[in-house]
Every structure is written in structure tokens, then in C-alpha cells.
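The structure appears below as C-alpha cells.
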Amino acid sequence: MFFASILQKLPLETPIEDAEKYLADHKAFESFRDGCLNHLLKVAKEKNETMYPWTENDIKRGALELVYQQELQTCTNTEFKNIHEDVVVTLRGFGLDSLRTNHPPIKALRSLQLALQELEAAMDGGTRVFLLGASIHYMALAVRKTREGNYTVVYVDPQNNPILGKTEPELQATMAKMEFRSWIEAGWQRDKIERLCMDTFNGVIMLVNVLASSLLRGDSNIFAPFLKLNFVSGFLKSYTDAVGNWPSPETSGDEREGESKKQKAEERTIIVKRLFGSDKVIQLDSSATAEGFLSRFQLWSSTLYPPAVIDSNISGALQKLMKLGHSLLQKKDILEPIFAWAMETQIALEKAHSQVKSPASIENGKLQAFCTRMHKSLDQLRSICQCYNNKESTSHR
């Protein structure tokens with residue numbers, strides 16, 4: 001937050017190369033930090049807070065808890081005017097794994113898009129500053145526009161790690177030098193912290209690259225790469241990897257009743273990443289039978305994408321995006337693959353369920369409930385995609 005405040009108040013005529021002395025001003029940092037801590041302690045006392053994270057020890061520990069950040073960015077204290085939410089946009093959830101598997105950060109992307117549009121319209125130039133949260137880390141990001149219309153993207157890492165433009169081995173080497181002292185002292189395993197750290201690096205690199213590409217194109221629509229990562233590389237790919245197409249293209253007709261039951265597809269697993277303890281590896285039934293397909297489908301769904309999550313993270317997200325504007329969604333790269341998946345999967349689910357006479361590993365009642373509920377989610381997803389196509393066709397007339 002200190003770095004964000006420096007970037008926010010840095011005069012536009014000051015070359016960004018000269019900003020380092022302000023960012024490295026230790027006394028200024030200590031003054032800013034003490035001001036934040038004193039304010040939070042005062043708030044905790046006024047509210048008579050006695051529970052985590054509002055105890056004196058919690059606050060003085062120095063970690064940027066979400067409630068602390070929200071308080072500092074919304075309070076009326078002029079001491080924090082340079083980090084107020086009106087001037088510093090907070091972007092959370094930008095670790096690469098979060099971007100790939102969680103609900104798409106639509107609100108954050110929309111805030112970023114609007115900030116870029118405002119900057120684009122500023123005839124005399126300006127600066128927009130962002131507080132970027134990714135996995136285990138907060139960083140400062142700024143976009144500066146000169147009066148001549150030239151842009152500069154500034155990324156400041158509190159741990160002073162140069163990660164932009166680095167290869168994977170170079171990022172690994174950077175991470176190997178990091179101590180993670182406070183995390184390890186708190187009981188975290190180093191390999192887990194390193195995974196979160198690399199996730200942070202990769203998320204930041206993606207955001208900066210998308211931002212730079214958008215500025216070069218003169219296009220403030222920065223949604224597409226993140227939506228494709230989430231919907232296609234995350235959601236659809238996880239299904240393909242764990243469940244796969246059924247029936248397989250190699251089998252047809254009566255073969256599915258005979259030979260396909262003997263076939264074995266490639267070994268399939270689901271890996272559930274855990275912050276504490278070992279990752280959980282789930283072995284899936286790799287057979288090409290209807291039973292095998294339904295078993296994989298159920299395990300994939302219960303582990304990664306239950307129907308309720310599909311309704312929220314996929315269907316719900318698409319509905320939100322459609323309300324913001326059809327141009328945010330790429331029909332060919334995003335909507336068409338989702339619609340095709342929903343349609344094909346719905347057909348496969350009905351067909352497999354009809355072929356299972358006496359399921360060996362799945363209780364019939366649970367199977368029926370799963371198929372009914374998943375069918376409803378798939379039907380809703382298809383309807384949303386069709387609604388988009390209908391509206392797009394109408395708008396082109």
C-alpha cells in the first residue's frame with residue numbers, strides 16, 4: 001500500500017526512473033506503516049474489538065488482512081487519501097490458479113477496464129494505480145499516460161523480485177533465493193509456499209502482458225484472455241483430462257456393448273492441491289464403458305465442479321458478462337466450445353445412464369440424483385449460450 005501511495009502522488013512530469021528514491025525511502029515507509037497501524041488500533045479500540053484479526057497483536061503483526069485494507073481505503077482520514085478506493089483500484093484473485101479455476105474476477109476486470117478507459121480519455125495524461133492481490137502477495141501496479149499519449153506500465157514488488165520477462169527457470173532461481181521466513185515460522189511447508197509464490201509470479205506476468213498488449217492495441221477490452229483461461233483452459237480442459245469424450249470415437253454400434261467394455265483408456269487421475277499435507281491423488285475408472293464414464297463424471301463433478309459451482313462460476317458468470325456487454329465474450333473461442341460441451345455432455349450423460357442396468361460402483365439412487373441435477377445445469381448452460389447467440393443475431397440485423 002505504501003508503494004501504491006507513492007505511485008499515486010508521483011507527479012506526471014517526474015520520470016518513472018526517478019521514482020525509485022521515493023519507493024526506497026525507508027523513513028517515509030516507517031511513517032506510513034506506523035500511521036496505518038495506529039489508525040487500525042484506534043478503530044479496534046473504538047469498536048471494542050477483541051477477536052481476530054482486531055487484537056493488538058494481530059494488528060502489530062503487520063500482515064495486510066482484507067479488513068485492514070478495506071478500512072484504510074474507505075476511511076475519511078486524509079492521511080490515507082493517496083490509497084483511498086477512489087484513487088487506488090484493488091484487484092484481487094490474480095494468482096494463476098485462481099484465474100483458471102475460481103469464479104472469473106469479473107468485478108476486478110471491469111474496474112480495470114473502466115480505469116483504462118478513463119485514462120484513455122484523459123487529454124492531459126494521468127496515472128491509475130492498482131493494488132494487486134495474487135495468492136500470498138500484494139503488489140502495486142500503475143499505468144501512466146503522458147500528455148503526449150505515451151503509456152508506461154509500472155510494476156512494484158515489495159519483495160523486490162524482478163520477474164517480468166523472465167523464463168520459468170529464471171523464476172525458479174529467483175524463488176530459490178527467497179527465505180519465506182515468516183511463512184515457515186508460522187508452520188507452512190516450503191514446497192507449498194513455493195507453489196503459491198510461482199502461482200503469484202505467473203498471475204502477475206499474465207496480467208502485465210495482457211495490460212501491455214491492450215495498451216499497444218488501443219483496446220481497453222482486457223477480458224478475453226482471462227475468460228479463455230478460466231472457461232476453456234480451466235473448466236473445459238479439466239473435464240477433458242479427467243472424464244474424456246464418451247463414447248470414444250474408436251467404438252460405435254454394437255462394439256460398445258462388447259469390445260468397449262474390455263478397452264482401457266489412458267490412466268486418468270484428479271489431483272487435489274492442498275495447502276497443508278500432501279496433495280490428494282484420485283484414481284479414476286479409465287474404462288470405456290458407460291459405468292466407467294459415469295464414475296469419472298461423478299468424481300470430477302464432486303471434486304472440482306459440482307452442478308452448483310457450474311451454475312455459479314460458468315452459467316452465472318456468463319450471464320453477468322452478457323449484461324456488461326456482448327463484446328466482452330468471444331463467440332468462437334469461448335461461447336461455441338462451452339455450448340458444444342454442454343450439448344455433447346448432456347447427450348452422453350443420458351445415453352450412459354440409459355445403458356447402466358445394475359451399476360456396480362454407484363448406488364442407483366445417487367446416480368439418478370446426480371444425472372438429474374447435472375442435466376439441469378447443462379440445460380441451463382445451453383440456454384444461456386443460445387440466448388447470447390439470439391441477442392447477437394438481433395443486434396446485427
Side-chain angles (χ1 to χ4, degrees), residues 3 16-17 19-20 23-24 91-102 105 108 112 130-143 151-217 222 224-238 240-242 266-281 304 333:
F3 291 146
I16 196 61
E17 292 78 11
E20 186 175 349
L23 295 169
L91 308 173
R92 300 189 190 93
F94 277 80
L96 196 64
D97 273 346
S98 293
L99 292 171
R100 184 185 292 115
T101 60
N102 291 350
L112 178 58
F130 307 92
L131 188 63
L132 177 61
S135 299
I136 60 173
H137 206 21
Y138 272 105
M139 297 134 285
L141 189 68
V143 179
Y151 288 92
T152 303
V153 178
V154 184
Y155 164 70
V156 184
D157 185 341
Q159 295 186 347
N160 201 28
N161 293 313
I163 64 171
L164 302 181
K166 301 295 183 180
T167 63
E168 190 78 8
E170 289 172 332
L171 292 175
Q172 292 284 355
T174 295
M175 191 170 57
K177 298 175 183 177
M178 299 170 67
E179 295 182 356
F180 305 111
R181 186 180 303 163
S182 60
W183 292 88
I184 292 175
E185 288 176 354
W188 287 72
Q189 296 176 352
R190 184 176 177 90
D191 63 327
K192 303 295 184 183
I193 295 299
E194 286 185 349
R195 185 169 71 192
L196 290 173
C197 181
M198 185 59 69
D199 186 58
T200 298
F201 287 169
N202 288 326
V204 170
I205 290 170
M206 179 179 181
L207 175 60
V208 173
N209 288 341
V210 170
L211 196 55
S213 177
S214 174
L215 293 171
L216 286 172
R217 296 193 317 269
I222 42 78
F226 296 102
L227 298 181
K228 188 173 181 180
L229 172 69
N230 186 280
F231 293 139
V232 180
S233 301
F235 173 61
L236 295 183
K237 187 176 186 300
S238 74
T240 300
D241 291 346
E266 67 273 17
E267 182 177 315
R268 297 181 186 272
T269 61
I270 294 176
I271 299 177
V272 181
K273 296 179 181 179
R274 291 172 168 173
L275 292 180
F276 299 98
S278 301
D279 291 345
K280 183 178 180 181
V281 180
L304 300 176
D333 293 335

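One finds the NZ atom of Lys192 at 4.5 Å from the CZ atom of Arg195 (value rounded to the nearest 0.5 Å). Here CG of Leu131 is found 10.0 Å from CG of Leu141. Values are rounded to the nearest 0.5 Å. Interatomic distance, OH of Tyr138 versus CZ of Phe3, reported as 16.0 Å (0.5 Å rounding). Between the CG atom in Leu229 and the NZ atom in Lys237 there is a gap of 11.5 Å [rounded to 0.5 Å]. Between the OG1 atom of Thr200 and the CE atom of Met175 there is a distance of 10.5 Å, given to the nearest 0.5 Å. One distance of note links CZ of Phe201 with CG of Leu196; it measures 11.5 Å at 0.5 Å rounding.
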Working for side-chain contact (heavy atoms from CB on, under 4.5 Å), residues Gln172 and Glu194: CA-CA 9 Å; Gln172 292 284 355; Glu194 286 185 349; 5.6 Å; no

Go through the steps to decide whether Asn202 and Leu171 satisfy the test side-chain contact (heavy atoms from CB on, under 4.5 Å), and finish with yes or no. CA-CA 9 Å; Asn202 288 326; Leu171 292 175; 4.0 Å; yes

Under the side-chain contact (heavy atoms from CB on, under 4.5 Å) criterion, do Asn161 and Lys177 qualify, and how do the steps go? CA-CA 10 Å; Asn161 293 313; Lys177 298 175 183 177; over 6 Å; no

Show your working on side-chain contact (heavy atoms from CB on, under 4.5 Å) between Val143 and Phe130 and close with a plain yes or no. CA-CA 8 Å; Val143 179; Phe130 307 92; 4.0 Å; yes

Could you list the donor-acceptor pairs under 3.5 angstrom formed by side chains in residues 204-214, with sequence neighbours left out?
| residue | atom | partner | partner atom | Å |
| --- | --- | --- | --- | --- |
| Asn209 | ND2 | Ile205 | O | 3.2 |
| Ser213 | OG | Arg217 | NH1 | 2.9 |
| Ser214 | OG | Asp219 | O | 2.0 |

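When all heavy atoms are compared, the tightest approach of Phe180 to Ile193 is CD2-CG2, 3.2 Å. Considering all non-hydrogen atoms of both residues, His137 and Met139 come closest at O-CE, 3.6 Å. Counting all heavy atoms, side chain and backbone alike, Ser135 lies closest to Asp199 at OG-OD2, 2.6 Å. Of all heavy-atom pairs spanning Gly93 and Leu99, the tightest one is O-CD2, 3.6 Å. Shown here for Thr167 and Glu170, the closest heavy-atom pair between the two residues is N-OE1, 2.8 Å. Here the shortest heavy-atom pairing between Arg268 and Thr240 reads NH1-O, 3.0 Å.
Within the 3.5 Å criterion, the main-chain N or O of Ile271 finds no donor-acceptor partner in the side chain of Asp279. With hydrogens and angles disregarded, no donor-acceptor distance shorter than 3.5 Å links the side chain of Asp157 to the backbone of Pro162.
Scored by the salt bridge (charged side-chain N to carboxylate O under 4.0 Å, His left out) test, Glu179 finds Arg181 as partners (sequence neighbours excluded).
In this structure, Glu20 places its CD atom where only 12 or fewer heavy-atom neighbours from other residues, nucleotides or ligands lie under 6.0 Å away. For Leu164, the CG atom sits in a packed shell: over 12 heavy atoms of surrounding residues, nucleotides or ligands are nearer than 6.0 Å.
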